[in-house]
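Notes follow the structure.
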Amino acid sequence: MKNRLKDLRQQSGLTQEDLADRVGVSRQTIISIESGKYNPSILLGYKIALIFKESIEGVFLCGEELGERGE
Amino acid sequence: MRTHLKRSVGLIGIGLFMLYIFKTLTSIQEGYSLGDSLRMVLTSLNFWLFLVAPFILICFPLLLFMPAIHRLMTSGGMNKTFVWRKAALSYTIMGILVLLIVGFFLIGPLFSGQPMLQWDQFATLAVFWVGYAILITYRYFMKPDSDLVKAYEKGDPDRYNDERQQQIVGKAAVSTLYALFFIIFSVGFLFDMFVTHIWPVRSLTEIILIVIIWFVNMQKWAKKI
C-alpha cells in the first residue's frame, strides 16, 4: 500500500525517531511503513493521520489495492 | 514476585517429573519391570545427586534471576552503555556459576568413585552451559538494536515490541514450525526407518503432538480474534 508518510513527515519537520516516539512504535516500523513494506493497523494508521491532521485515506493510498481486486 | 516464585517452582516440578519419567523409562529399557523401575529411581543416589540436584541448583537461580535482569534493563534514565555492560556482567557471573556447578557434577563422579555420567546426562548439563555461553557472547560482542536499547532505557519495552515486531515474531514462528516438520520428518522419521531400521515412534509422536497443539492453539486464537 502506497502512502504519503515520508512527504508529510518531512513537511512537518519531524524525524523518523520523533514520529516513532509520538505514535509509540519503533523507528524501524516507521521506516518499513514509509517504504511500503509494512501496512500498519487501523489504530496505528489513525494515530499517524491524527499527527498530521489528515484523514487515514489522506495518508494511506489504497486505490491500487482496491482497484486490483475489482472493488 | 510471589507469582514468579510459584511459576519457577512449578517449572522445576515439571522438569523433575520429566526427569523421573525419563529415568524410569531408561530402567524399563534395561529390562526391569515397571514397578521395580519406579521404585529404583526414587532410591537411586545417582538420580538424586547427579540429575535432580544439578537440575535444581542450575534452574532455580536462573529462573529467579530473570526478573532481576529485566528490572535492570527496564529501569528508566540509565546510561545506555552502563545498562548493557551491567547486563553482560550479570550474565557472565551467572555463567561462571553455572560452569562451576556443571563442572562439579560432570567431574564429581571421578572423585567419588562412581562411574562417569552417561552421554545423555552429560549433554543435558552441557546444554545449560552452551546456552549461557551464547548469551554472554551476544551481550559482549553483538551491538544491540538501538530501538531495543532506547525502548528499555525509557522503561517502555512495548514500544519496541510493537505491532510490526509481533507480526515478525508470528511469521517467524510459523516458518520455524514448517522447518521443524521438515527436520523431524527427514532427520528423525526417515533416519529411523532407513538407517537404524527401527519404527519411528518418537518422531511420529512429536509430529502428531505438534499438529495437535497447533490446531488447539488455532481454535483458541480463532475464538479470541
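All chains are named by letter (A, B, ...) in the order of the sequence lines, taking the proteins before the strands, and each is independently numbered beginning at 1.
Other residues, nucleotides and ligands contribute only 12 or fewer heavy atoms inside 6.0 Å of the CD1 atom of A:Ile42. Enclosure of atom OH in A:Tyr46 is not indicated, since only 12 or fewer non-hydrogen atoms of other residues, nucleotides or ligands lie within 6.0 angstrom.
Distance alone, capped at 3.5 Å, is enough to place a donor-acceptor pair between the B:Glu163 side chain and the A:Ser41 backbone.
B:Gln165 does not touch chain A: none of its heavy atoms, backbone or side chain, sits under 4.5 Å away.
In the model, B:Arg164 has no side-chain atom that pairs as donor or acceptor with a side-chain atom of A:Ser26 under 3.5 Å.
Taken from CG in B:Asp162 to CZ in A:Arg27, the straight-line distance is 13.0 Å, to the nearest 0.5 Å.
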